[in-house]
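Below is one structure, written out as structure tokens; comments come after it.
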Amino acid sequence: MSSLQLVQATPFSATSPKTHYTPLQLQSLESCSNMSELKQHHSHIIKLGLSTNNDAMGRVIKFCAVSKHGDLGYALKAFDTIPQPDAFIYNTVMRGYLHCRFPRDCIHLYTQMLENSVFPNNFTFPCVLGACCHGDAVEQGRQVHAHVLKFGYSSHVVCLNNLIHMYVNFEFLEEARRVFDRMLTRDVVSWTTLISGYAQWGCVDEALRVLESMPERNSVVWNALIAAYVQNNRFHEAFDLFNRMRAENVVLDKFVASSMLSACTGLGALEQGRWIHSYIEKNGIELDTKLATTVIDMYCKCGFLEKALEVFHGLPCRGVSSWNCMIGGLAMHGQGEAAIELFMEMERKAVAPDNITFVNVLNACAHSGLVEEGRYYFQYMTEVHGIDPRREHYGCMIDLLGRAGMLEEARKLMDEMPMSPDASVLGALLGACRIHGNIELGEQIGKKLIDLDPNNSGRYVLLANIYANAGKFEDVANLRNLMNNRGVKKCPGFSVIELKGVVHEFIAGEETHPQAKEIYTKANEMLECIRSAGYVPCTEEVLQDLEEEEKENPLYYHSEKLAMAFGLLKTNPGEILRITKNLRVCRDCHQASKLISKVYDREIIVRDRNRFHHFKNGECSCKDYW
DNA sequence: GTAGGGTTAG
């Protein structure tokens, strides 16, 4: 590569004119816009006899090693010509290694620096500690810690912050805490690093304790914790924290906005999500690609597809993730054709799809029963875009074929996959066995799946439902015993409905809601009404609520039925009911929802674990295909 | 003469 070629050096001798690079020349060197300009400067420096001058060469190295249009290879060659590089030059090349993701080389250069008796300084340590993180160099990291102390930086805040960060990275939380505790002065970064460290390793409560003891909190540190709650699906706590942050008059920045949008997405809290979106618009917070994707995702997953499309089409420029998100949104709402249409538009706009694009396209096909289209795109992604199918893509295809009743073909594809099928792939096939009542294959896959994912209650429930459908109650009982022996608890089903910006949560059969009596009365009335419209309880999946069996009529009080009853009580005729459920909708609730939409003349939008159901006029947008 | 650390999608 010619760009790696060093300019020809004029031999430097003692008689060469001793001169300086003028301030103007230095300025021009620093504002180089490309490597060829830089090389001219370098050549000039050599001619002036300044090739051993660390001041001049440091700037050359800086441009090559760390600037946007630099060239690390050239920096390294130039570095080799410098007889006695100073700390600045070592630091700069080390940063170059780190930027280019060569952490091991960075650490190696650090040892050379020491061997050549060049003292590391406060700029050296952040860089080499970062290299230890990225290079998984635990032992070297500890040694660098010793060097920080030995070279006199034991009270340098930035160096110590980097030590905390490194220990957090290695999940050495006690060491991180020890460094933090010994600091004489801490800045907000010290606190944030420790708090986000606890949070990211799942010690959210410890993170909160540290936050409580912090003297002054900015939006970054609030967000470190809010984001952690969101990641752990503790959305209500994220909201509590957000409200506390607002009470302290800390401004809502784009990071917090993004986390809170995700919290709204998690809960299906559309009104809250809209409030944050309008805050973003009113306060001129820039809708960068990530934030735009988060907004679109929120509208999709809170059931407001039209608004998601409006935001999407209003974006000045759309990155691949925005397209992916919108295609995925249409897919989960069962609008397979529209998703494919959007994908074709993406191609017309010459946006290169990635593997996620195809996961979403295939999912769109699967959720809408577009078998031929799915087969086509499965081939197309490799043949036209050179994207090899991953596990997820096979999973989509197996889901697609399985739902469509082509169980043999689905199984064949699973056997042919070049990688071993994981729990989600097996889960797709098992789900198909449940839909199509294939007991033999279902039992075989179900047992495998339970072995692979023994703590996931959903797997047991799915197989139990297959047995129950087939009347094999002895097998159901055995599975239940297995679950009990292993201490696997069924994940309790809950549904939320947001009314006037307040999120109300319902758990199946629970009677702790302050208006429980009223709600249960309404639920009974609701069920009576639809019974006269032809509702027959579908009891075969009673196992959806394994723990509720003692209750007289567990099915009647599934959480989404309670949420619907509450919604009917608290809203005006004609208002849309939007409900979010953490598990899959069971057949009985699906049937009941269709009838409720008809009898009460209401549009009901239910988000379940996998997709959306728009109930209207006695029908569902999923065409009973879910 | 000059460079460093913490928070966000799918």
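For DNA chain B, the residues of residues 148-158 of chain A within the heavy-atom distance limit of 4.0 Å (strictly under) are A/His156, A/Val157, A/Val158, sorted by number. Near DNA chain B, meaning a heavy atom under 4.0 Å away, the residues from residues 168-201 of chain A are A/Asp187, A/Val188, A/Val189, A/Thr192, A/Thr193. For DNA chain B, the residues of residues 90-113 of chain A within the heavy-atom distance limit of 4.0 Å (strictly under) are A/Asn91, A/Arg95, sorted by number. Of all the residues in residues 285-321 of chain A, A/Lys290, A/Thr293, A/Thr294, A/Asp297, A/Ser321 reach under 4.0 Å from DNA chain B with at least one non-hydrogen atom. Within residues 135-143 of chain A, no residue has any heavy atom under 4.0 Å from DNA chain B.
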Ignoring hydrogens and angles, write down the donor-acceptor pairs under 3.5 Å from the side chains of residues 232-239 of chain A, residues two or more places apart or on other chains.
residue	atom	partner	partner atom	Å
A/Asn232	ND2	A/Ala228	O	2.8
A/Arg234	NE	A/Glu237	OE1	3.0
A/Arg234	NE	A/Glu237	OE2	3.3
A/Arg234	NH2	A/Asp205	OD1	3.1
A/Arg234	NH2	A/Glu237	OE2	2.7
A/His236	NE2	A/Glu505	OE1	2.9

Trace of the ring pair (Phe, Tyr, Trp, His ring centres under 6.0 Å) decision for A/Tyr90 with A/Phe79: CA-CA 9 Å; A/Tyr90 273 105; A/Phe79 176 75; 5.4 Å; yes
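With sequence neighbours excluded, no residue forms a salt bridge (Lys or Arg N to Asp or Glu O under 4.0 Å) with A/Arg95. Under the salt bridge (Lys or Arg N to Asp or Glu O under 4.0 Å) criterion, A/Arg244 pairs with A/Glu212, not counting sequence neighbours. With sequence neighbours left out, A/Arg101 forms a salt bridge (Lys or Arg N to Asp or Glu O under 4.0 Å) with no residue at all. Shown here are the salt bridge (Lys or Arg N to Asp or Glu O under 4.0 Å) partners of A/Lys349, two or more places apart in sequence or in another chain: A/Glu345.
Residue pairs meeting the side-chain hydrogen bond (donor to acceptor under 3.5 Å, both in side chains) criterion with at least one partner in residues 309-319 of chain A, sequence neighbours excluded, are A/Lys307-A/Glu310. Listed by first and then second residue, the side-chain hydrogen bond (donor to acceptor under 3.5 Å, both in side chains) pairs involving residues 252-262 of chain A are A/Ser219-A/Asp253, A/Asn223-A/Ser259, A/Lys254-A/Asp288 (not counting sequence neighbours).
At whole-Å resolution of the value, CD in A/Gln231 and P in B/dT7 are 11 Å apart. Between the C1' atom of B/dA3 and the CE atom of A/Met57 lies a distance of 17 Å, rounded to the nearest Å. Atom CG of A/Leu241 is separated from atom C1' of B/dT8 by 16 Å (rounded to the nearest Å).
Side-chain atoms of A/Asp55 do not come within 3.5 Å of backbone N or O of A/Gly58 as any donor-acceptor pair.
Residue-level contact check: A/Asn360 touches neither bases nor backbone, having no heavy atom under 4.0 Å from any strand. Using a 4.0 Å heavy-atom criterion, one finds that A/Asp86 contacts the bases of the nucleic acid, with or without backbone contacts as well.
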